[in-house]
Every structure is written in C-alpha cells, then in structure tokens.
Protein chains: 2
Amino acid sequence: MNREILPIGSIKSAKDVGEIVSRYRKMQELTQVELAGLAQTGTRFISDLENGKGTVQFDKVMHILDLLGVEVVAKER
Amino acid sequence: MNREILPIGSIKSAKDVGEIVSRYRKMQELTQVELAGLAQTGTRFISDLENGKGTVQFDKVMHILDLLGVEVVAKER
DNA sequence: CAAATAAATTCCCGATAGGGAATAATACAA
DNA sequence: TTGTATTATTCCCTATCGGGAATTTATTTG
C-alpha cells in the first residue's frame, strides 16, 4: 500500500477517478460499504466507480469525491 | 457577456461543469450542433450538460472537456 | 419590427444505470 | 490450510439516459 501523499493529478477518464476514489477511501480506512452508506448510494455503484466504469453519473461521482475531501479544479490545457 | 479569461475554477457540481462547457464552447465559436458533431454525441446531451443536468455520464463529460481544451485536476481539499 | 440562427424542449423508444440482496471471488490473518 | 472481511459479480427490477427528429423558444441580426 502506498501511503505517500498524492499530488493527486489529472483526471482524464473514469479510470483515473476510480483510482483516486479507491486510494482516498482506503486512506480514510473506509470500506466500500461504509462509503456507500455515507454517500447514500449502493455498494454496486462504489465498486463500479472504483473499477473505472465510465457511464457512472457525474453528480454521484462529484459527491463521492467531495466526501473524500478531493477537490476538482478545471484549468486550461 | 463576460469575455475575461476564466482562471476556470472549482467544479463542485454538474452546474459548474455546464457553465464551463457553455463558456468554452462559445469562446471557440462552436454551436451546440457543431460540438455534438465533434464529440459524436447528440445535441440533447450537450444541451442537458450545459444546463447542469447531474445525471449525465461521467466519461461523456470528460470527453467534451477534453475537446474544449479544459483539463481537470484533482487536489486535496 | 421581421427574418435567420441557435438553443431548449418534447416525443418515441431502446439501452442501461444503479438499488437491494444474494452469491462468488479475492485478500488477509492466524 | 481454514476462517473472516472485503470486494466483485450476478439477478431482478424500475427509472431514466440519451439518440434522432420535430417543434418551440430564445437570441441575434438587419
């Protein structure tokens, strides 16, 4: 398990966001079940999200990131 | 109409991303129809997205942002 | 103002998101 | 190994996404 601080990074795909969610959930010692409870969603959604499913709903993803303390910023490329 | 450069900003919701898409699409003088064509999607999706619909699919949103030259970065809050 | 262009809304409808619950698979410890 | 906890997958199911096209509404232009 990598415990270093992530400068997190660029989100280009659902896979990227899935990795971030998985990492930050574990850093906070939450199980998928617990995170689903906090987010008032199902465990299926958390599993799908962490596994990079691209068709997850945008607002649900943002809510999870917010719960985990991850901020999302837009910049010009 | 605000034409200043946006330091873009934090994305907390679908409404935020909708505003960014609308703004950057217009900055590049694209119509919704043209952007939909570039993204191989429908105009309904572009309209929904720009109007802040939260249930749009994550990967579709990311693809639109990429087309518009908007990078998305994750940071710790 | 009217005309032209763009955007939003509506309809039909096939595809699928995602909830809950059960099961299977995987990881981890003792 | 066996047991335990966690995660992934499957099923059933309802709700809705989103494409395409048509229409309505809004915006821009002359």
Side-chain angles (χ1 to χ4, degrees), chain A residues 1-6 8-9 11-70 72 74, chain B residues 1-6 8-9 11-70 72 74:
Chain A
M1 269 134 265
N2 188 345
R3 295 218 184 292
E4 293 156 39
I5 293 166
L6 251 190
I8 317 187
I11 298 177
K12 300 183 181 332
S13 66
K15 211 157 282 293
D16 295 335
V17 85
E19 286 167 11
I20 290 169
V21 168
S22 179
R23 179 185 193 91
Y24 276 73
R25 174 180 63 76
K26 288 170 185 163
M27 282 169 59
Q28 296 174 36
E29 313 210 55
L30 295 169
T31 65
Q32 290 185 344
V33 172
E34 289 167 336
L35 181 56
L38 288 174
Q40 312 237 67
T41 184
T43 55
R44 248 264 313 266
F45 172 72
I46 304 294
S47 179
D48 286 345
L49 172 58
E50 292 193 6
N51 283 292
K53 182 154 125 179
T55 53
V56 290
Q57 295 183 2
F58 187 81
D59 56 357
K60 286 190 189 296
V61 178
M62 297 307 292
H63 185 222
I64 295 289
L65 290 176
D66 185 56
L67 283 175
L68 293 174
V70 176
V72 177
Chain B
M1 274 125 270
N2 188 348
R3 296 218 184 291
E4 294 155 39
I5 295 165
L6 251 189
I8 316 186
I11 298 176
K12 299 183 182 330
S13 66
K15 211 157 279 296
D16 295 334
V17 85
E19 286 167 11
I20 291 170
V21 168
S22 179
R23 178 184 195 91
Y24 276 74
R25 174 179 62 77
K26 287 169 185 162
M27 282 168 60
Q28 297 175 36
E29 312 211 53
L30 295 169
T31 66
Q32 290 187 344
V33 172
E34 289 166 336
L35 180 56
L38 289 174
Q40 312 238 67
T41 184
T43 56
R44 249 265 312 266
F45 172 72
I46 304 294
S47 179
D48 285 346
L49 172 58
E50 292 193 4
N51 283 291
K53 183 153 126 180
T55 53
V56 290
Q57 295 182 4
F58 187 81
D59 55 358
K60 286 189 189 296
V61 177
M62 298 308 292
H63 185 223
I64 295 289
L65 290 175
D66 186 55
L67 284 175
L68 293 173
V70 176
V72 177

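Here is how names work: the chains are called A, B, and so on, in the same order as the sequence lines, proteins then strands, and each is numbered from 1. Computed from a predicted model, the values in this text were never measured in an experiment.
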Rounded to the nearest angstrom, tell me the gap between atom CD in Q32(B) and atom C1' in dT5(C). 12 Å
Under the side-chain contact (heavy atoms from CB on, under 4.5 Å) rule, what do I11(B) and F58(A) come out as? Steps first, then yes or no, please. CA-CA 11 Å; I11(B) 298 176; F58(A) 187 81; 4.1 Å; yes
Solution key, residues 41-50 of chain B side-chain donor-acceptor pairs under 3.5 Å, sequence neighbours excluded:
unit_1: D48(B); atom_1: OD2; unit_2: K53(B); atom_2: NZ; d: 3.1
unit_1: E50(B); atom_1: OE1; unit_2: R25(B); atom_2: NH2; d: 3.1
unit_1: E50(B); atom_1: OE1; unit_2: Q32(B); atom_2: NE2; d: 3.2
unit_1: E50(B); atom_1: OE2; unit_2: R25(B); atom_2: NE; d: 2.6

Tell me every residue that passes side-chain hydrogen bond (donor to acceptor under 3.5 Å, both in side chains) with K15(A), counting only those two or more places apart in sequence or in another chain. none
With a non-hydrogen cut-off below 4.0 angstrom, is N51(A) in contact with a base, only sugar-phosphate, or nothing? sugar-phosphate
Round to a whole Å and report the spacing from NZ of K53(A) to C1' of dC17(D). 13 Å
V17(A) and V70(A), any side-chain heavy atoms less than 4.5 Å apart: no
Quick check on contacts: within residues 35-47 of chain B, what sits under 4.0 Å from DNA chain C by heavy-atom distance? R44(B), S47(B)
Sort me out a list of protein N/O and nucleotides 23-27 of chain D N/O pairs below 3.5 Å, or just none if empty.
none

Whether the side chain of Q57(B) engages the backbone of G54(A) through a donor-acceptor N/O pair (distance < 3.5 Å, no angle test) should be reported. no
Indicate yes or no for a side-chain donor-acceptor contact from E34(B) to the backbone of T31(B) under 3.5 Å, with no hydrogens or angles considered. yes
Nearest-angstrom distance from the residue atom CD of E50(B) to C1' of dA8(C): 11 Å
Protein-nucleotide distance (D48(B), atom CG; dC11(C), atom P), rounded to Å: 15 Å
When you look at I8(A) and Y24(A), which way does the side-chain contact (heavy atoms from CB on, under 4.5 Å) test go after all the steps? CA-CA 10 Å; I8(A) 317 187; Y24(A) 276 73; 3.1 Å; yes
Global bending angle along the helix from dC1(C)-dG30(D) to dA30(C)-dT1(D), which compares the axes of five pairs at either end, to 10 degrees: 60°
Determine the minimum heavy-atom distance between A14(A) and G52(A), stating which atoms define it. CB-O, 3.5 Å
Would one find a side-chain N or O of T55(B) under 4.0 angstrom from OP1 or OP2 of dT16(D)? no
Would you jot down, in residue-number order, the residues of residues 56-67 of chain A having a non-hydrogen atom under 4.0 Å from DNA chain C? V56(A), Q57(A), K60(A)
Taking the side chain as C-beta and beyond, is there a heavy-atom pair between L68(A) and L35(A) under 4.5 Å? yes
Determine whether a donor-acceptor pair (N or O, by modelled atom type, separation under 3.5 Å) exists between the side chain of D66(A) and the backbone of M62(A). no
